[in-house]
Amino acid sequence: MMHMSEKKKQLFGTNGVRGIVGELITPELVMKIGMAVGSMRPGTIAVGMDTRTSGPALINAMKAGLMATGCDVIECGILPTPALQYIVMDRYDAGVVITASHNPGAYNGVKVIEKDGTEMDDEASIEIEERVFSYNFDLKEWKDVGVLIPEADLVTRYIKGVIKKVPENIGQGMKVVIDPGCGAAFRTTAEILKGIGCDVFTINAYADGNFPARDPEPSVEGLAPLAELVVSTGAAFGVAHDGDADRAVFIDDKGRFVEENKEFALIAEYVCSQKKGILVTPVSTSRLIETVVSAHGCTVDYTAVGSIYVARRMRELIAAGNSVVFGGEGNGGLIYPDHQFCRDGGMTAAMMVLLLASKKPSLSSLVDALPPSVMLKHKFKTGNAEKILVVVKKTFNADSLNTIDGIRIDRKNAWALIRPSGTEPLVRLYVESSDETIAKGFEQEILSCISDLI
Ligand code: MG
């Protein structure tokens with residue numbers, strides 16, 4: 001038999017199972033995943049979904065699978081992924097969200113949440129797959145099947161939980177605009193920001209799985225109407241979410257899109273000015289974060305790419321007695337360890353209010369005051385990922401290398417990451433420096449050593 005570590009996930013990626021509805025994602029597959037989860041995590045399981053058109057069909061299959069294996073199902077309806085994680089945390093035996101996060105409407109997927117509110121790890125995900133492929137389920141007889149308990153209002157527990165994390169009425173007099181993009185945050189972020197005293201305007205704040213206004217992935221183009229509204233209302237900022245609202249991205253008071261690493265740096269700086277310790281982030285994150293937090297005496301611990309690795313590393317460091325103050329990714333997915341160990345877009349919106357209320361200057365002036373950064377990004381279609389890594393490692397062996405996920409080369413004035421995709425025949429290259437000439441020179445050094453392989 002193969003060792004667990006040698007086994008590869010086939011259905012699950014870094015963020016659960018995800019795919020096109022009617023192709024990979026069918027009610028049959030979702031029900032089998034439900035029967036597998038129910039067999040592995042017997043007890044009471046909370047389920048929820050984002051606003052996708054396929055959500056109701058798939059969540060009913062999930063509930064059927066869970067109840068058939070004896071689980072009682074708490075049905076939470078439409079809600080953000082972090083809201084379900086908050087609800088599950090230490091109250092239920094597990095949770096399941098039917099969501100495809102930032103993917104277009106044709107997609108959907110399944111994300112499994114553990115008792116502690118974190119996403120299921122690789123080993124347990126592989127066990128689900130093995131059970132699905134071998135039809136190995138602990139199906140119950142008629143007396144022992146589970147029951148369905150509708151609890152659509154549990155989402156308010158999450159809203160109150162976020163409100164509690166910032167000082168009362170901290171947003172008093174602050175005007176903000178929210179764009180949930182017709183995704184799950186239509187139920188939560190406006191309530192959160194009103195709850196902390198803000199004057200709230202909204203756009204695209206209704207459920208529509210056709211995503212008529214913009215893609216679930218927040219982009220500069222998609223957020224143009226939000227930016228206009230921020231300027232015309234004179235708001236302090238605009239906040240937008242992806243489909244399941246574990247991420248938040250911002251528009252500043254001048255109507256400019258705030259690049260997500262800059263958002264991360266600003267909130268990290270605030271957090272580290274309040275509390276000393278470690279910040280955890282993947283090797284793909286901008287060095288801006290390290291620059292601003294080290295100025296406050298905090299350190300950065302780098303992980304593999306994927307929020308679950310960040311969340312687990314944060315817990316590991318805390319369990320070993322370290323102070324861990326913050327975590328997150330450079331895509332607007334930020335993790336507040338005093339709140340819960342997952343990315344939380346609603347919490348990030350509340351943190352932006354807290355940051356601006358205590359710092360006083362405008363968001364645009366805070367963004368402009370950040371150190372300069374030039375990040376160059378490339379994507380190469382190639383089957384030579386392994387060879388590329390070997391060549392890069394050899395060529396740059398005099399540099400400081402981190403090989404936790406691909407190869408990160410750290411120099412004093414620049415860094416680069418060469419990283420094969422886990423799911424496609426692709427290699428990504430990131431190069432960053434505060435100086436464009438240095439970034440381009442470093443990029444050229446790397447490209448010339450791998451040019452035969454791409
Ligand atoms: Mg998401």
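Model, not experiment: these values are computed from the prediction.
- Side chain of R131 to main chain of N136: a donor-acceptor pair is present (N/O by atom type, distance under 3.5 Å, no hydrogens or angles).
- Between the side chain of N322 and the backbone N or O of V324, no donor-acceptor pair lies under 3.5 Å.
- Within a 6.0 Å radius of CD in E28, no more than 12 heavy atoms belonging to other residues, nucleotides or ligands are found.
- Panel note: side chain K63, backbone L148; no donor-acceptor pair is recorded below 3.5 Å.
- The shortest distance between side-chain heavy atoms of S421 and R428 falls below 4.5 Å.
- With R312 as the fixed residue, the side chain to side chain donor-acceptor pair (under 3.5 Å) test singles out one of D121, T118, T303: T118.
- Counting only N and O atoms by type, the side chains of E432 and S286 include a donor and acceptor under 3.5 Å apart.
- In this structure, the separation between OG1 on T44 and CG on L66 is 11.0 Å, given to the nearest 0.5 Å.
- Considering all non-hydrogen atoms of both residues, R52 and S101 come closest at NH2-O, 2.9 Å.
- Panel note: side chain N204, backbone C182; no donor-acceptor pair is recorded below 3.5 Å.
- Checking side-chain atoms of Q10 against main-chain N and O of E129 turns up no donor-acceptor pair under 3.5 Å.
- In this structure, the side chain of D215 does not engage the main chain of E217 through any donor-acceptor pair within 3.5 Å.
- Judged purely by atom type and a 3.5 angstrom limit, R408 uses its side chain to pair as donor or acceptor with the backbone of V283.
- At a threshold of 4.5 Å between non-hydrogen side-chain atoms, the residues L84 and V96 do not count as touching.
- The number of heavy atoms from other shown groups lying within 6.0 Å of NZ (K276) is above 12.
- For the atom pair CZ of R247 and CD of E263, the computed distance is 9.5 Å after rounding to the nearest 0.5 Å.
- Under the side-chain contact (heavy atoms from CB on, under 4.5 Å) rule, I407 has a single partner from I409, D405, I404, which is I409.
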| query | side chain to side chain contact (heavy atoms under 4.5 Å, CB included) between R91 and I74: does it pass, once the steps are laid out? | reply | CA-CA 11 Å; R91 259 182 219 100; I74 306 288; over 6 Å; no
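- Annotation: side-chain hydrogen bond (donor to acceptor under 3.5 Å, both in side chains) contacts of R315 (sequence neighbours excluded): D116.
- Remark: the Y302 side chain and the E290 side chain contain an N/O donor-acceptor pair separated by less than 3.5 Å.
- Donor-acceptor pairing under 3.5 Å is recorded for the side chains of D122 and Y309.
- For the pair D252 (side chain) and R256 (backbone), a donor-acceptor distance under 3.5 Å is present.
- Going from atom OG1 of T81 over to atom CG of D244 covers 3.5 Å, rounded to the nearest 0.5 Å.
- Distance check, rounded to the nearest 0.5 Å: CZ of F341 to CD of E119 gives 14.0 Å.
- Between I33 and L29 the shortest side-chain heavy-atom distance falls below 4.5 Å.
- You'll find the side chain of P82 reaches within 4.5 Å of the side chain of D246, heavy atoms only.
- Distance check, rounded to the nearest 0.5 Å: CE of M352 to CG of L355 gives 5.5 Å.
- For T299 (side chain) and I278 (main-chain N/O), no donor-acceptor pair under 3.5 Å exists by modelled atom type.
- Side-chain contact check for P27 versus N60: every heavy-atom pair is 4.5 Å or farther apart.
- Using a 4.5 Å heavy-atom cutoff, the side chains of V97 and D50 are not in contact.
- When every heavy atom of D344 is checked against every heavy atom of T348, the shortest pair comes out as O-OG1, 2.8 Å.
- Among all heavy-atom pairs drawn from M49 and G55, the shortest one is SD-C, 3.5 Å.
- Expressed to the nearest 0.5 Å, how far NE2 of H339 lies from CE of M351 amounts to 11.0 Å.
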| task | Please lay out, stage by stage, how E424 and K381 fare under the test salt bridge (charged side-chain N to carboxylate O under 4.0 Å, His left out). | result | CA-CA 9 Å; E424 298 164 276; K381 261 207 166 116; over 6 Å; no
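- Under 4.0 Å is where a charged nitrogen must lie from a carboxylate oxygen, and between E221 and R214 no such pair does.
- Within the 3.5 Å criterion, the main-chain N or O of G117 finds a donor-acceptor partner in the side chain of Q85.
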| query | Does the pair Y158 and I192 meet the rule for a side chain to side chain contact (heavy atoms under 4.5 Å, CB included), with working shown? | reply | CA-CA 9 Å; Y158 162 77; I192 290 168; 4.0 Å; yes
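- Across all non-hydrogen atoms, the minimal contact from S284 to V305 is OG-CG2, 3.6 Å.
- The side-chain heavy atoms of D242 and N331, taken from C-beta on, include no pair separated by under 4.5 Å.
- Y135 and F137 have perpendicular rings, their planes meeting at more than 60° on a 0 to 90° scale where under 30° would count as parallel.
- Taking each heavy atom of N108 and A100 in turn, the nearest pair found is CA-CB, 3.4 Å.
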| request: For the pair L334 and F326, evaluate side chain to side chain contact (heavy atoms under 4.5 Å, CB included) and give the outcome as yes or no after the intermediate values. | output: CA-CA 8 Å; L334 306 180; F326 198 32; 3.9 Å; yes
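- What you find for G330 and N261 is that their closest heavy atoms are CA-OD1, 3.4 Å.
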| query | Between L429 and K377, does a side chain to side chain contact (heavy atoms under 4.5 Å, CB included) hold up when you go through it step by step? | reply | CA-CA 6 Å; L429 170 64; K377 293 185 177 185; over 6 Å; no
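- With a 6.0 Å radius and a threshold of 12 heavy atoms from other residues, nucleotides or ligands, F257 has its CZ atom above the threshold.
- You'll find the side chain of K165 stays beyond 4.5 Å of the side chain of Y336, heavy atoms only.
- Within a 6.0 Å sphere centred on NZ of K262, heavy atoms belonging to other residues, nucleotides or ligands number 12 at most.
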